[in-house]
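Would you mind keeping the following structure in view while I ask a few things?
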Amino acid sequence: GARLKCAPRVRRARTLRSRRTSTSRHSSDDRLINRAAAVGTAVTLHGAPPTHLTLDALTAAGLQHATTTRHCPRTPAGSAPFSVEARTALSGVAGDGGRLAFARQVHGAGVVHAAGGGRLGEADVIVTTTAGQPLAVVTADCLPIVLYDPARPALALAHVGWRGTVKSATRAAVEALIALGADPSR
């Protein structure tokens with residue numbers, strides 16, 4: 001019998017790279033723009049390097065908002081969602097940081113209602129019908145889900161990762177908006 005000869009194994013040199021999906025500012029910025037363009041969403045990047053982005057559709061609806069990038073100054077654990085440096089970076093977009101409503105996120109599906117600023121307890125979904133009320137969730141590898149009914153008006157902001165998905169956090173956000181008089185068909 002003839003024997004097959006295999007090519008010698010080549011071992012790759014181990015590189016010391018971050019486990020992040022993107023390791024360069026350029027490719028990360030392009031990825032944000034390319035993904036947004038693919039779904040027809042206009043994105044505006046703010047800062048150099050970009051500390052946050054805004055979505056033109058939400059801006060057109062009159063919603064002050066910002067989604068931070070990895071270049072946004074970090075916030076100490078256990079404090080309000082934004083450090084002084086981050087508030088400075090976000091000052092033109094996020095409105096009055098003192099009125100910011102936020103919750104201690106626990107990777108669940110709990111819902112809290114925001115009528116004013118400050119810490120609202122433990123939850124991963126924040127809802128409000130108060131016009132101009134800024135809401136905040138902090139995400140790393142989880143998703144920020146934004147739901148808005150302009151006719152009510154009612155807004156939900158959810159922090160959803162795999163645990164929140166299993167616990168139906170997005171459904172909890174929709175149900176909370178319906179309870180506030182929002183129409184899911186809008």
Side-chain angles (χ1 to χ4, degrees), residues 31-46 50-70 72 75 80-82 86-87 89-97 99-165 167-186:
R31 199 176 334 255
L32 288 172
I33 294 167
N34 292 341
R35 284 185 185 159
V39 295
T41 304
V43 173
T44 303
L45 299 172
H46 301 271
T51 55
H52 60 287
L53 60 92
T54 55
L55 302 173
D56 293 349
L58 294 180
T59 301
L63 296 174
Q64 290 183 327
H65 69 285
T67 299
T68 60
T69 70
R70 65 188 178 117
C72 191
T75 299
F82 300 110
R87 285 185 185 157
L90 297 169
S91 64
V93 178
D96 178 8
R99 292 188 46 238
L100 192 66
F102 59 96
R104 181 174 175 270
Q105 297 166 191
V106 293
H107 296 276
V111 178
V112 291
H113 186 271
R119 186 181 297 269
L120 303 172
E122 287 188 358
D124 286 272
V125 178
I126 306 171
V127 295
T128 190
T129 55
T130 304
Q133 175 61 57
L135 309 178
V137 295
V138 178
T139 62
D141 57 350
C142 297
L143 298 173
I145 305 292
V146 180
L147 303 171
Y148 179 62
D149 181 353
R152 166 64 179 107
L155 173 67
L157 182 60
H159 163 260
V160 182
W162 75 265
R163 288 181 181 94
T165 299
K167 295 176 182 176
S168 300
T170 304
R171 177 184 299 257
V174 170
E175 290 173 351
L177 286 180
I178 291 170
L180 293 173
D183 182 349
S185 67
R186 287 191 282 262

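As a basis for the values below, the full set of heavy atoms in this structure was taken, side chains included, without hydrogen atoms, waters or symmetry mates.
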Partners meeting side chain to side chain donor-acceptor pair (under 3.5 Å) with T44 (sequence neighbours left out): D56

Could you work out, with side chain to side chain contact (heavy atoms under 4.5 Å, CB included) as the rule, every residue matching L155, not counting sequence neighbours? L63, T128, L135, V146, Y148

Applying side chain to side chain contact (heavy atoms under 4.5 Å, CB included), can you list everything that pairs with T165, at least two apart in sequence or on another chain? V160

What pairs with Q105 under side chain to side chain donor-acceptor pair (under 3.5 Å), at least two apart in sequence or on another chain? H159

Locate the shortest heavy-atom distance separating A114 from L120; write the atom from each residue and the value.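 Here A114 and L120 meet closest at CB-CD1, 3.7 Å.
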
Under 4.5 Å between any side-chain heavy atoms of V112 and V125, yes or no? no

Selection residues 101-113 - residue pairs positive for salt bridge (charged side-chain N to carboxylate O under 4.0 Å, His left out), sequence neighbours left out: R104-E122

Enumerate the salt bridge (charged side-chain N to carboxylate O under 4.0 Å, His left out) contacts for residues 124-135, please, sequence neighbours excluded, ordered by first and then second residue. none

Search all heavy atoms of C142 against all heavy atoms of P144 and return the closest pair with its distance.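 Shortest heavy-atom separation between C142 and P144 comes out as O-CD, 4.0 Å.
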
At their closest point, which heavy atom of A158 faces which heavy atom of V137, and how far apart are they?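 What the structure gives for the nearest pair is O-CG2, 4.2 Å.
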
For residues 127-137, pull every pair meeting salt bridge (charged side-chain N to carboxylate O under 4.0 Å, His left out), keeping only residues two or more places apart or in separate chains. none

Sorted by first residue and then second, give each salt bridge (charged side-chain N to carboxylate O under 4.0 Å, His left out) pair with at least one member in residues 127-150; sequence neighbours left out. D149-R186

Search all heavy atoms of A103 against all heavy atoms of A123 and return the closest pair with its distance.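 Taking every non-hydrogen atom into account, CB-O, 3.7 Å.
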
Can you name the salt bridge (Lys or Arg N to Asp or Glu O under 4.0 Å) partners of R163, sequence neighbours left out?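 None.
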
Got a list of side-chain donor-acceptor pairs under 3.5 Å for residues 172-183, not counting sequence neighbours?
unit_1 : atom_1 : unit_2 : atom_2 : d
D183   : OD1    : S185   : N      : 3.0
D183   : OD1    : S185   : OG     : 2.9
D183   : OD2    : S185   : OG     : 3.1

